[in-house]
Amino acid sequence: MPRPLSQQTIAVVKATVPALEQHGPVITETMYRRLFRNERIAALFNQANQKKGTQRLALAHAVLAYAQNIENLSVLGAAVERIAQKHIGYAILPEHYPFVGEALLGAIEEVLGDAASPEILQAWGEAYWFLADLLIEREAAIRAEIEAQPGGWTDWRRFVVAEKRVEAAGIVSFILRPEDGGAVIPHRPGQYLTLRFDEAGLAGVKRNYSISSAPNAEFYRITVKREPDGEASGFLHDRVDVGAVIEATPPAGDFHLSDAPERPLVLLSGGVGQTPIVSMLEVVADRHRHVPVFYVHGTNSPAHHALEVQVHDAAARHGNALVETFYEGGTGDGANRGLITLDWLQANTPLAEADIYLCGPRPFLRHFVTGLRDAGIPADRIHFEFFGPADEQLAA
């Protein structure tokens with residue numbers, strides 16, 4: 001555990017909150033500009049988020065939250081875990097942290113000018129390394145846990161596309177098996193893989209994709225929707241065929257099914273947000289048949305409904321599972337027309353007693369996470385995955 005921050009440092013950092021509220025996005029934009037002068041460090045990042053500006057805004061919010069909560073850092077525990085898991089995915093190592101610290105302090109000094117006194121720079125240097133040491137310590141523990149398991153690895157590992165299967169309109173699954181023929185570490189249902197496509201022919205691009213298969217020691221399955229102007233998804237759909245090599249870091253992510261669920265489960269997904277949810281359903285069907293499970297999925301139409309066979313097979317194995325599908329643009333056999341509603345969920349699932357796992361597009365999550373909270377569901381029973389930097393996430 002890092003040495004606690006001094007009271008002087010806490011006071012100085014807290015005093016910078018107004019400046020961060022006013023100049024935070026400019027500071028983080030400047031930080032990334034300075035940081036990416038080093039091409040080796042720039043290559044560690046998902047540059048798509050940099051192009052859209054979402055990553056610098058996410059960091060600005062994170063830095064502000066850190067300063068605002070500097071006296072009570074326990075409230076940031078979930079954020080620290082999420083960042084540590086992301087760092088595992090992007091193979092961030094302890095030797096990378098000094099570059100970020102130097103760029104951050106340089107950006108504070110550049111943007112604030114004379115207001116960035118030596119006292120402020122010293123305090124933020126101490127505050128940065130306190131947080132960095134927390135992350136380094138947590139990331140070391142995660143790596144040790146991964147390496148201790150059969151099939152575990154760190155850094156980038158080469159995988160071969162063993163199968164490519166069209167699941168629905170605009171949605172394709174890829175079965176990834178390790179090129180070395182070894183085992184893979186079983187993921188926790190809900191986790192994602194971080195992939196890079198240099199070997200497949202798209203240099204410099206990295207993406208996170210949820211694992212849609214049940215945990216096993218042989219392969220991972222990702223199920224990818226073609227996104228409008230999606231560089232990686234379009235590449236996967238159009239140019240990645242069986243036999244192609246894609247590199248991946250170990251499964252990561254703090255959104256995953258409890259290892260020992262006891263309460264009823266409501267699994268809720270929208271569109272391709274079903275990918276981590278289907279993995280959860282598979283595990284409940286095979287390992288937790290004593291737990292009632294209610295899986296509710298919404299998509300545009302039967303033509304867009306992916307992994308339907310896998311879902312119904314898992315429900316049949318479980319024996320006490322309700323599966324309901326909503327088609328926004330039409331109906332299919334046994335399906336509902338229109339959108340999933342909170343009223344329907346309250347009438348047809350045990351929301352008040354359940355653990356709820358949900359994943360889907362941003363409007364879907366905003367609607368249901370907010371609605372569930374307003375309905376009195378305790379926050380610790382609402383578990384959700386969001387695809388994107390933290391600035392786009394829902395307020396806690």
Side-chain angles (χ1 to χ4, degrees), residues 46 48-49 52 54 89 161 163-176 187 189-195 197 205-214 220-238 240 246 248 251-253 255-257 267-282 295-312 314 323-330 332 335-336 339-340 356-369 383-389 392-394:
N46 181 344
N49 291 333
K52 293 186 291 186
T54 51
V161 177
E163 298 177 42
K164 180 179 180 180
R165 182 170 60 245
V166 176
E167 302 284 5
I171 302 175
V172 174
S173 284
F174 300 82
I175 302 294
L176 306 177
H187 67 286
Q191 290 188 308
Y192 56 81
L193 287 179
T194 302
L195 305 180
F197 303 102
V205 173
K206 301 180 180 72
R207 293 292 187 274
N208 305 132
Y209 290 107
S210 293
I211 303 167
S212 61
S213 53
Y220 301 112
R221 180 180 69 203
I222 60 169
T223 302
V224 180
K225 177 186 175 183
R226 182 193 291 275
E227 299 291 350
D229 303 318
E231 183 178 24
S233 66
F235 179 78
L236 281 165
H237 277 241
D238 297 336
V240 173
I246 297 174
F255 173 72
H256 53 75
L257 185 70
L267 308 179
L268 181 62
S269 61
V272 79
Q274 72 181 135
T275 52
I277 303 300
V278 169
S279 180
M280 294 180 185
L281 179 63
E282 296 262 19
Y295 178 46
V296 185
H297 176 60
T299 189
N300 291 336
S301 70
H304 296 88
H305 191 172
L307 304 175
E308 184 177 10
V309 171
Q310 291 88 335
V311 166
H312 285 285
V323 174
E324 290 282 351
T325 304
F326 284 75
Y327 293 133
E328 181 178 356
N336 301 280
L339 299 173
I340 306 167
I356 304 154
Y357 292 83
L358 61 159
C359 185
R362 193 183 319 165
F364 177 93
L365 283 179
R366 285 203 176 111
H367 175 75
F368 281 109
V369 173
H383 315 273
F384 60 95
E385 176 68 296
F386 186 93
F387 298 116
E392 298 178 307
Q393 296 198 39
L394 295 154

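In this chain, numbering begins with 1 at the start of the sequence shown.
When all heavy atoms of R221 and S213 are compared, the closest pair comes out as N-OG, 3.2 Å. Contact detail for S279 and A214: the closest heavy-atom pair is OG-CA, 4.3 Å. Listed here is the closest heavy atom pair of P276 and G273: CD-O, 3.3 Å. Considering every non-hydrogen atom in both V205 and A232, the closest pair reads CG1-CB, 4.1 Å. Residues Y192 and E385 come closest through the heavy atom pair CD2-OE2, 4.0 Å. Of all non-hydrogen atoms in G298 and I340, the two that sit nearest each other are N-CD1, 3.6 Å.
Between the side chain of E324 and the backbone N or O of V296, no donor-acceptor pair lies under 3.5 Å. With hydrogens and angles disregarded, a donor-acceptor distance shorter than 3.5 Å links the side chain of H237 to the backbone of V224. Of the possible donor and acceptor atoms, none in the side chain of K206 sits under 3.5 Å from a partner among the backbone N and O of T194.
By the 4.5 Å heavy-atom criterion applied to side chains, Y357 and L267 are counted as neighbours. Side-chain atoms of I277 and L268, non-hydrogen and from C-beta on, never get closer than 4.5 Å to each other. Put simply, the side chain of Q274 does not reach to within 4.5 Å of the side chain of Q310, judged on heavy atoms. Between T223 and V172 there is no side-chain heavy-atom pair separated by less than 4.5 Å. Side-chain atoms of R207 and L195, non-hydrogen and from C-beta on, never get closer than 4.5 Å to each other. Between L236 and F197, the closest side-chain pair of non-hydrogen atoms falls below 4.5 Å. Residues F255 and S210 form no side-chain contact, since every pair of their non-hydrogen atoms from C-beta on lies 4.5 Å or further apart.
How far CD of E282 is from CG of L257: 12.5 Å, rounded to the nearest 0.5 Å. From F174, atom CZ reaches atom OH of Y209 across 8.5 Å, with rounding to the nearest 0.5 Å. Interatomic distance, L176 CG to E163 CD, rounded to the nearest 0.5 Å: 10.5 Å. Residue S269 holds its OG atom at 3.0 Å from OH of Y295, rounded to the nearest 0.5 Å. Note that NE2 of H304 is 14.0 Å distant from CD of E167, once rounded to the nearest 0.5 Å. In this structure, the separation between CG on L358 and CZ on F368 is 8.5 Å, given to the nearest 0.5 Å.
Judged purely by distance below 3.5 Å, without hydrogens or angles, the side chains of R165 and S173 never pair a donor atom with an acceptor atom.
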For T275 and I222: C-alpha separation, side-chain torsions, deciding distance, then whether side-chain contact (heavy atoms from CB on, under 4.5 Å) applies. CA-CA 8 Å; T275 52; I222 60 169; over 6 Å; no
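Every residue two or more places apart in sequence or in another chain that forms a side-chain contact (heavy atoms from CB on, under 4.5 Å) with H305 is listed here: H297, T299, E308, T325, Y327.
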